[in-house]
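Single-structure report; data block below.
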Amino acid sequence: MAQRTQRPDVIIIGAGIIGLSVAWQACRRGLAVTVLERGEAGRGTSHVAAGMLAPVAEAEFGEDGRRLLELGLRSADLWPAFAAELQAAAGVEVGLMRTGTLLVARDEDEARELDRQAAFRDSLGLATSRLRPSEAREREPALAPTMRLALEASDDHSVDPRMVLAALRQACLQAGVELRERTPVLRLALDAAGRQLAGVELQGADGSRRSLAAPRAVIAAGAWSGQLDGLPAAARVPVRPVKGQILRLRDPSGPGLLRRVVRFGGGYLVPRADGSYVLGATVEERGFELRPAVGGTYELLRDAHETVPGVSELEIEELCVGLRPGTPDNVPVIGHGSLEGLIWATGHHRNGILLAPLTAALVVEMLAGEGPVDPLLPACSPRRFTAAAARPGSGQPVAAQAGRS
Ligand code: GLY
């Protein structure tokens, strides 16, 4: 017979940046929150992430790109206060570095493309400045003298996700979140009609199968979010893993090689205050494969070295692989799907760290049942992917459903 523990107001499945951000904010709003994490909190994709807060540098063409940009700009605005509150609550730093970003073109072809990217950002009213090589090298003397053009996005910053996750874990525990690590969710439990969430079945520390009842749950399980058992097929949201290989480098002579984030064709270098650098990242559609491979790593190191020759003096501390959660349009899923009581907060693809404060705010508004529907939510609705959404006359319009609690 399954054992029951105390009933929380909300179960959060997954203790990465999204799950813990939601948990912390929901607990501060007075909800009893239990977080279930199959491994260790913050040791999945969030542990691999570089931590760029870069909606301007990452702006993409097309309608989905425009939706992502709106989300990214909103969340970037929330980051300074989120970081300050988190630091105050946890008593530890989160490594927010407000240094801006340089996008660098290494040859004529890349310079033409960067010009096109600059014009695109101008057309959207995004603040960037074109820099001649001499101007770019005044700002970052380590850039290769052969570089052709740079674009400065001075409002695109970075944060250290490992510091953020450590702080979130601490803040959650202090706020009263029940964090249960090494506790896999085996399946979602539904009511007899199969329309309403009733709780979850989980694997306890002793290996036994247990039930935990709750009226609501938030799926924040990253690339694994689409795989939870117990969901009717029509309520399932497709989330796929997108492999990223990433290196952590250290300058034995300390900080100073780069101050800003530097992005180049195929990668980026993100400096930390302590003289370490994150060099990322490959973007690979290889399912749940987690093996590091020579090809992708070689290309990252080659391109980084061509952009910043001093990279060859750095020590390699770590090579790691993460699985970003991608949806079919690579826009996140945030909101209610077609199962009552279940909220999705996943599919953040390359922007999980950037979008964490906004996602937490939106989900907590839904959980609290307060306020009007945020204008950004309809574009993130899980219903755009579920079978129920495709059936004519299957319920209210998406915009009316998105903000329900
Ligand atoms: N946000 C950077 C990446 O996914 O590589």
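Source: prediction; values computed, not measured. When a ligand or atom number is given, it counts from 1 through the structure's own listing order. For the single chain, residues carry numbers from 1 onward in sequence order.
- The contact set between ligand 1 and Ala281, taken as ligand atoms under 4.0 Å from a residue heavy atom, comprises 5 (O).
- For ligand 1, none of its N or O atoms has an N or O atom of Asn351 under 3.5 Å away.
- The residue His349 has no part lying near ligand 1, judged by heavy-atom distances below 4.0 Å.
- Shortest contact from atom 1 (N) of ligand 1 to any protein heavy atom: Arg350 O, 2.6 Å.
- In this structure, a donor-acceptor pair under 3.5 Å is absent between the side chains of Arg67 and Asn330.
- Annotation: atom 4 (O) of ligand 1 to nearest protein heavy atom, Arg324 NE, 2.7 Å.
- Gln245 and Thr297 share a donor-acceptor pair across their side chains, judged by distance under 3.5 Å alone.
- Phe288 and Trp224 have tilted rings, their planes meeting at an angle from 30° to 60° on a 0 to 90° scale.
- If you check which protein heavy atom lies closest to atom 2 (C) of ligand 1, you get Tyr268 OH, 3.4 Å.
- Checked by atom type, the side-chain pair Glu152/Ser154 shows no donor-acceptor distance below 3.5 Å.
- Each of the following atoms of ligand 1 lies closer than 4.0 Å to a heavy atom of Met52: 2 (C).
- No side-chain N or O of Thr327 forms a donor-acceptor pair with one of His349 less than 3.5 Å apart.
- Using modelled atom types and a 3.5 Å distance limit, the side chains of Thr128 and Arg130 yield no donor-acceptor pair.
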